[in-house]
Number of protein chains: 4
Amino acid sequence: MMCGMAPDPNRRRESSRRAILTAAFDLLQEVGYAKLTIEGIAARAGVGKQTIYRWWPSKGIVIFDAFLMLNEAPEGGPPLLPDTGDLHADLTAVLRATVVELNDPRYDQPLRALSTEITHDPELAAAYVERLDKPMRQAKRQRLRSAQQAGQLAEDLDLDMAVDIIWAPVLNRWLQRSGPLTTEYADSIVAIALDGLRPRRPGD
Amino acid sequence: MMCGMAPDPNRRRESSRRAILTAAFDLLQEVGYAKLTIEGIAARAGVGKQTIYRWWPSKGIVIFDAFLMLNEAPEGGPPLLPDTGDLHADLTAVLRATVVELNDPRYDQPLRALSTEITHDPELAAAYVERLDKPMRQAKRQRLRSAQQAGQLAEDLDLDMAVDIIWAPVLNRWLQRSGPLTTEYADSIVAIALDGLRPRRPGD
Amino acid sequence: MMCGMAPDPNRRRESSRRAILTAAFDLLQEVGYAKLTIEGIAARAGVGKQTIYRWWPSKGIVIFDAFLMLNEAPEGGPPLLPDTGDLHADLTAVLRATVVELNDPRYDQPLRALSTEITHDPELAAAYVERLDKPMRQAKRQRLRSAQQAGQLAEDLDLDMAVDIIWAPVLNRWLQRSGPLTTEYADSIVAIALDGLRPRRPGD
Amino acid sequence: MMCGMAPDPNRRRESSRRAILTAAFDLLQEVGYAKLTIEGIAARAGVGKQTIYRWWPSKGIVIFDAFLMLNEAPEGGPPLLPDTGDLHADLTAVLRATVVELNDPRYDQPLRALSTEITHDPELAAAYVERLDKPMRQAKRQRLRSAQQAGQLAEDLDLDMAVDIIWAPVLNRWLQRSGPLTTEYADSIVAIALDGLRPRRPGD
DNA sequence: GCTTAAACGAGACGGTACGTCGTGTCTTGCA
DNA sequence: TGCAAGACACGACGTACCGTCTCGTTTAAGC
């Protein structure tokens with residue numbers, strides 16, 4: 001017994017949904033976030049504007065859903081980080097991959113757009129954390145836990161913080177362009193995060 | 001020889017400049033980034049739109065300048081971090097202050113707006129790094145260098161990276177709302193950053 | 001041989017037809033011609049839009065049919081004008097009735113809507129002339145012919161023109177609101193039409 | 001001290017005004033009333049939609065103003081009807097001219113549009129009566145008064161009604177297409193109006 | 001009475017136009 | 001001449017309807 005009756009999802013046309021999300025993502029690449037318009041998405045998708053407004057409450061959620069579609073499509077089970085036993089090497093490889101992805105021009109504009117939307121919309125941020133961040137974070141924590149059990153990480157270490165300390169600097173440098181985002185930067189971050197800022201005793 | 005003539009900065013009316021920047025900052029708090037308009041700023045500042053377009057090339061730079069005005073006003077010389085000799089305590093205090101500022105509702109919307117503009121405009125990002133980030137980073141590096149000279153930090157440590165590792169997690173959590181941004185979080189980040197993720201030998 | 005198959009009139013649901021026409025007429029009164037929409041009619045009639053599109057080619061014809069329904073319903077045979085032998089009195093009475101009907105707020109909006117549709121759609125105009133105008137005109141002509149045979153009207157008078165000369169001024173004043181539409185106006189029109197604009201010899 | 005501050009007519013751009021009214025009139029001819037849109041007018045006039053909305057409260061008034069522009073432009077003083085002394089001939093000539101104008105395809109659609117707007121908007125109707133109908137009616141009355149003074153019309157004749165009786169049938173037949181609108185029709189109307197429906201004594 | 005094909009209600013869809021808002025430019029008149 | 005005021009061409013907004021198109025669900029004719 002609600003008013004403002006929500007549309008019936010059964011009647012939703014899947015082809016339109018995909019066309020809209022694809023168009024949104026493609027346009028983000030091509031024209032950038034500032035020039036992304038609902039009208040543009042609708043035109044590119046060959047869809048009426050109302051079809052977008054009917055199913056998505058805001059442009060930000062369209063963008064978010066576009067990423068969801070991308071990430072859910074090719075998945076074969078939950079993501080996993082490599083575990084060769086060499087924590088330093090594994091983390092370096094993964095963080096380098098992150099750097100490469102952030103430097104990929106195909107993802108640059110869309111990712112910045114997603115970041116902006118998350119920054120300004122708490123609900124979207126929650127959805128992001130839940131749907132996109134959580135699975136990756138799980139995998140990262142998983143790798144760290146494995147290292148912890150092998151005695152390679154401090155016993156009382158909060159793994160979520162460890163994840164933050166490793167990945168946040170890279171994301172931040174990318175967002176703010178506070179310096180070149182290179183694989184060397186990734187390497188150094190991993191090294192410093194593992195060993196800490198303080199001098200280590202010889203023999204470690 | 002009078003095409004595209006740049007306006008004469010000498011004739012610029014200072015009162016209008018301040019009114020515009022103040023209005024921009026206030027409106028950011030009140031209506032948020034998405035609803036911040038040039039017309040709104042002009043109206044609030046009691047100024048013609050052209051006066052904004054004459055002196056600022058984009059809305060982002062108005063926002064940026066608004067922050068510049070704030071940060072340059074009360075300054076008595078370059079900023080400094082406390083140096084009690086106890087690095088852990090000093091860093092904790094400063095990072096806690098950062099957390100408090102980020103949680104201050106007066107700065108929340110404006111800071112997010114600034115962040116968004118930087119994310120999407122490389123030129124603005126460069127200006128940000130140069131004019132706002134650099135001075136603070138200088139102060140942070142300064143404190144770390146002092147510690148390094150006292151043997152409290154690794155000799156070969158890249159201090160810029162150290163700054164990133166300490167401050168990026170806090171900024172990131174704030175931007176993405178990936179978790180509660182508390183002083184405890186700040187404390188833990190400092191602790192982990194200093195000691196690293198690896199287990200320390202007893203006696204450290 | 002099955003393209004564009006016309007719907008089978010036998011299966012037509014009479015209740016829907018009446019509901020649609022009633023809804024159309026009522027909405028005309030309530031919201032006026034400009035805001036009359038097919039969706040509105042369908043909603044008010046508790047009917048799907050397609051049911052309207054299936055049976056009526058245009059909104060104008062729905063309106064027209066609504067009038068047809070009204071006029072055909074209470075009919076017991078063809079309409080007749082009173083014939084007391086006193087032509088002046090009879091015409092005055094009938095034209096006064098016309099004025100009263102045009103001034104009735106229940107019919108004002110619907111009639112204006114009908115008029116507009118007729119004005120812009122020649123086919124509809126033909127239907128109007130045939131189905132609504134003709135029967136009334138017949139009755140009017142009948143009364144005039146009776147007077148003509150009694151020697152009260154010129155022998156060679158074109159009765160259709162006589163009808164026009166008597167009724168058109170009233171309709172026109174109503175449509176254009178070029179002046180108050182009163183029974184006195186009707187009276188004067190009849191008087192002038194009968195006697196003509198020229199001065200009459202005494203003794204007429 | 002008003003809110004909803006009306007725009008300042010001094011700042012109005014005359015060229016835009018003319019372009020809009022011309023475009024509106026031309027489009028009425030070309031696409032007809034039903035397909036006349038504000039967007040279409042703006043596009044054809046090379047003007048922003050807002051410029052139309054700023055100065056005209058409704059589409060009907062744009063149409064009305066388009067006619068005003070047409071009628072005020074070529075005027076050299078108030079309009080006059082021919083006065084040869086032969087009332088019958090003069091009226092016939094003028095009413096024939098009316099018929100010709102109504103049959104002119106350049107004016108057909110625009111006039112029907114104007115008629116529709118007047119029918120549905122009382123305010124517009126008042127403006128029409130005042131600005132467009134009144135001057136013509138004045139000229140018509142003038143000619144009739146001249147005839148009246150010459151003893152060719154009844155002394156106590158209400159000249160406004162006389163005008164109605166002569167012109168309304170033609171307008172009505174044109175609007176409703178209730179029959180062919182020919183010069184013969186005009187002739188007959190004049191003849192019948194002058195002599196009345198009743199038989200005249202021989203010698204008149 | 002059971003089947004089956006239609007008309008039906010509901011409403012999603014690709015579109016068009018609405019009337020509003022903001023952009024960045026241009027013009028006018030005041031100081 | 002710098003400025004406030006604001007008109008302007010332009011483009012996007014979010015909404016309302018258009019007319020078409022599925023969907024299941026009646027419903028009435030024909031087997």
Side-chain angles (χ1 to χ4, degrees), chain A residues 5 7-13 15-17 19 34-43 45-55 57-59, chain B residues 5 7-13 15-16 35-43 45-59, chain C residues 5 7-13 15-17 19 35-43 45-55 57-59, chain D residues 5 7-13 15-17 19 35-43 45-55 57-59:
Chain A
M5 203 79 90
D8 177 353
N10 293 345
R11 297 188 152 249
R12 183 166 191 177
R13 192 175 297 177
S15 65
S16 294
R17 188 185 145 268
K35 293 187 181 171
L36 182 74
T37 66
I38 296 283
E39 294 206 330
I41 296 171
V47 138
K49 280 197 288 179
Q50 200 59 48
T51 302
I52 300 182
Y53 287 112
R54 187 165 16 242
W55 301 109
S58 79
K59 197 161 67 180
Chain B
M5 196 82 103
D8 177 353
N10 293 344
R11 298 189 147 250
R12 182 167 190 178
R13 193 175 298 175
S15 65
S16 293
K35 293 186 182 172
L36 182 74
T37 66
I38 297 283
E39 294 206 330
I41 296 171
V47 138
K49 279 197 294 178
Q50 199 57 248
T51 303
I52 299 182
Y53 286 112
R54 185 162 20 239
W55 301 109
W56 288 274
S58 82
K59 197 161 68 178
Chain C
M5 197 81 101
D8 177 355
N10 294 343
R11 301 192 141 237
R12 183 166 187 178
R13 196 174 294 176
S15 65
S16 294
R17 187 183 146 269
K35 293 189 181 168
L36 182 73
T37 66
I38 296 283
E39 295 207 330
I41 296 171
V47 138
K49 280 197 291 178
Q50 199 57 248
T51 302
I52 300 181
Y53 286 110
R54 181 157 28 231
W55 301 107
S58 81
K59 196 162 68 180
Chain D
M5 202 78 92
D8 178 354
N10 293 346
R11 299 191 149 243
R12 183 168 189 176
R13 193 175 296 177
S15 65
S16 294
R17 188 185 145 267
K35 292 187 182 170
L36 182 74
T37 65
I38 296 282
E39 294 207 328
I41 297 172
V47 138
K49 279 196 290 179
Q50 198 59 50
T51 302
I52 300 182
Y53 286 112
R54 181 158 28 234
W55 300 108
S58 81
K59 197 161 66 179

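Since the model is a prediction, treat every value here as computed from it, not as a measurement. All chains are named by letter (A, B, ...) in the order of the sequence lines, taking the proteins before the strands, and each is independently numbered beginning at 1.
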S.K.: Between F/dA12 atom C1' and A/Ile52 atom CD1, what is the distance in whole Å?
M.R.: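 Taking atom C1' of F/dA12 as the reference, CD1 of A/Ile52 is at 13 Å.
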
S.K.: F/dA9 C1' sits how many Å from D/Ile41 CD1, rounded?
M.R.: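 It works out to 17 Å between those atoms.
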
S.K.: What residues form a side-chain contact (heavy atoms from CB on, under 4.5 Å) with A/Ser16, not counting sequence neighbours?
M.R.: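 A/Ser16 satisfies side-chain contact (heavy atoms from CB on, under 4.5 Å) with A/Arg13, A/Val47, A/Thr51 only.
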
S.K.: Looking across every strand, which nucleic acid part, if any, lies under 4.0 Å from D/Arg12 by heavy atom: base, sugar-phosphate, or nothing?
M.R.: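 Sugar-phosphate contact only - D/Arg12 comes under 4.0 Å of backbone atoms but never of a base.
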
S.K.: Between C/Ser16 and A/Val47, which has a closest nucleotide on DNA chain E that is more 5'?
M.R.: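 Residue closer to the 5' terminus by nearest nucleotide: C/Ser16.
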
S.K.: Quick one: closest heavy-atom pair of B/Lys59 and B/Leu36, and the distance?
M.R.: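 Nearest heavy atoms, B/Lys59 then B/Leu36: NZ-O, 2.9 Å.
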
S.K.: Taking only side-chain N and O atoms of B/Arg54, does any of them lie within less than 4.0 angstrom of OP1 or OP2 on F/dG2?
M.R.: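 False: B/Arg54 side-chain N/O out of range (4.0 Å or more) of F/dG2 OP1/OP2.
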
S.K.: Could you work out, with side-chain contact (heavy atoms from CB on, under 4.5 Å) as the rule, every residue matching A/Asn10, not counting sequence neighbours?
M.R.: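 side-chain contact (heavy atoms from CB on, under 4.5 Å) check on A/Asn10 returns A/Asp8.
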
S.K.: I need a per-nucleotide contact map over nucleotides 21-31 of chain E, read 5' to 3'. Cutoff is protein heavy atoms under 4.0 Å; write B for the base, S for backbone only, - otherwise.
M.R.: BSBBBBBB---

S.K.: Quick one: closest heavy-atom pair of A/Ala42 and A/Gly48, and the distance?
M.R.: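 Distance-wise, the nearest heavy atoms are CB-C, 4.2 Å.
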
S.K.: Drop me the distance from A/Arg17's CZ to A/Trp55's CH2, to the nearest 0.5 angstrom.
M.R.: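 So the CZ of A/Arg17 and the CH2 of A/Trp55 are separated by 11.0 Å.
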
S.K.: Whole-Å distance between F/dA4 P and D/Asp8 CG?
M.R.: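 After rounding, the gap between these two atoms is 19 Å.
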
S.K.: If only side-chain N and O atoms of C/Trp55 are considered, is one of them under 4.0 Å from the OP1 or OP2 phosphate oxygen of E/dA7?
M.R.: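 Indeed not, no polar side-chain atom of C/Trp55 lies that close.
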
S.K.: Establish, with yes or no, whether the OP1 or OP2 oxygen of F/dC3 is under 4.0 angstrom from a side-chain nitrogen or oxygen of B/Thr51.
M.R.: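 False: B/Thr51 side-chain N/O out of range (4.0 Å or more) of F/dC3 OP1/OP2.
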
S.K.: Enter the distance from B/Ile41:CD1 to B/Lys49:NZ here, rounded to the nearest 0.5 Å.
M.R.: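 That separation rounds to 12.0 Å.
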
